[in-house]
Amino acid sequence: MKKKTAILTARLTPAEKAAIERKAQQANMTVTDYIVKSALGKNVRQADDLAPVLSELKAQGRNLNQLTKLANMGRIDLVDAENFTEAYTNLYGLIEEIYWEGE
């Protein structure tokens, strides 16, 4: 990661400054990161609807970890991946919905 050494100064009204700080906080970003991403034309989105997606990803990770342990112990030889495929397809659909809602 490159060290940030350059400084940019801008004059804002108190309302503009507050609005930028509020938007950065809503996006869970620092003001610097928010301004840089916004100014360089990158999409900045607040994604409050990700909690169920993250919860499901964690659950799938736990399931995969349990299966890996069982396979390493020699207790299982073959896993039917159909359930995983369906779960990841559903997650992809949720992420896609959240993405397009922000457009």
Could I get the full list of side chain to side chain donor-acceptor pair (under 3.5 Å) partners for [X], not counting sequence neighbours?
| X | value |
| --- | --- |
| Thr32 | none |
| Gln25 | none |
| Lys69 | none |

*asked:* Running the 4.5 Å side-chain criterion over Ile, Leu, Val, Met, Phe, Trp and Tyr, what cluster does Leu40 land in, apart from itself?
replied: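 Hydrophobic cluster check, Leu40: joined to Val36.
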*To which residues is Met73 joined in a hydrophobic cluster, defined by side-chain heavy-atom contacts under 4.5 Å among Ile, Leu, Val, Met, Phe, Trp and Tyr, whether direct or through other members?*
none
*asked:* I'd like to know if Val31 and Met29 are part of one continuous hydrophobic network [Ile/Leu/Val/Met/Phe/Trp/Tyr, side-chain heavy atoms within less than 4.5 Å].
replied: yes
Would you please name every residue forming a side chain to side chain contact (heavy atoms under 4.5 Å, CB included) with [X], sequence neighbours left out?
| X | answer |
| --- | --- |
| Leu70 | Arg75, Ile76 |
| Thr13 | Ala15, Glu16 |
| Ile95 | Val53 |
| Lys3 | Thr5 |

_How long is the straight-line distance from CD1 of Ile35 back to CD1 of Ile20, given to the nearest 0.5 Å?_
5.0 Å
*Specify the closest pair of heavy atoms between Thr85 and Thr89, including all atoms of both residues, with the distance to one decimal.*
O-OG1, 2.7 Å
*What are the two closest heavy atoms between Thr30 and Asp33, and how far apart are they?*
OG1-N, 3.0 Å
*asked:* I'd like to know whether OH of Tyr88 has more than 12 heavy-atom contacts from other residues, nucleotides or ligands below 6.0 angstrom.
replied: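 More than 12 heavy atoms, drawn from other residues, nucleotides or ligands, come within 6.0 Å of this atom.
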*For residues 53-67, pull every pair meeting side chain to side chain donor-acceptor pair (under 3.5 Å), keeping only residues two or more places apart or in separate chains.*
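For residues 53-67, and leaving out neighbouring residues, the side chain to side chain donor-acceptor pair (under 3.5 Å) pairs sorted by first residue read Glu56-Gln60.
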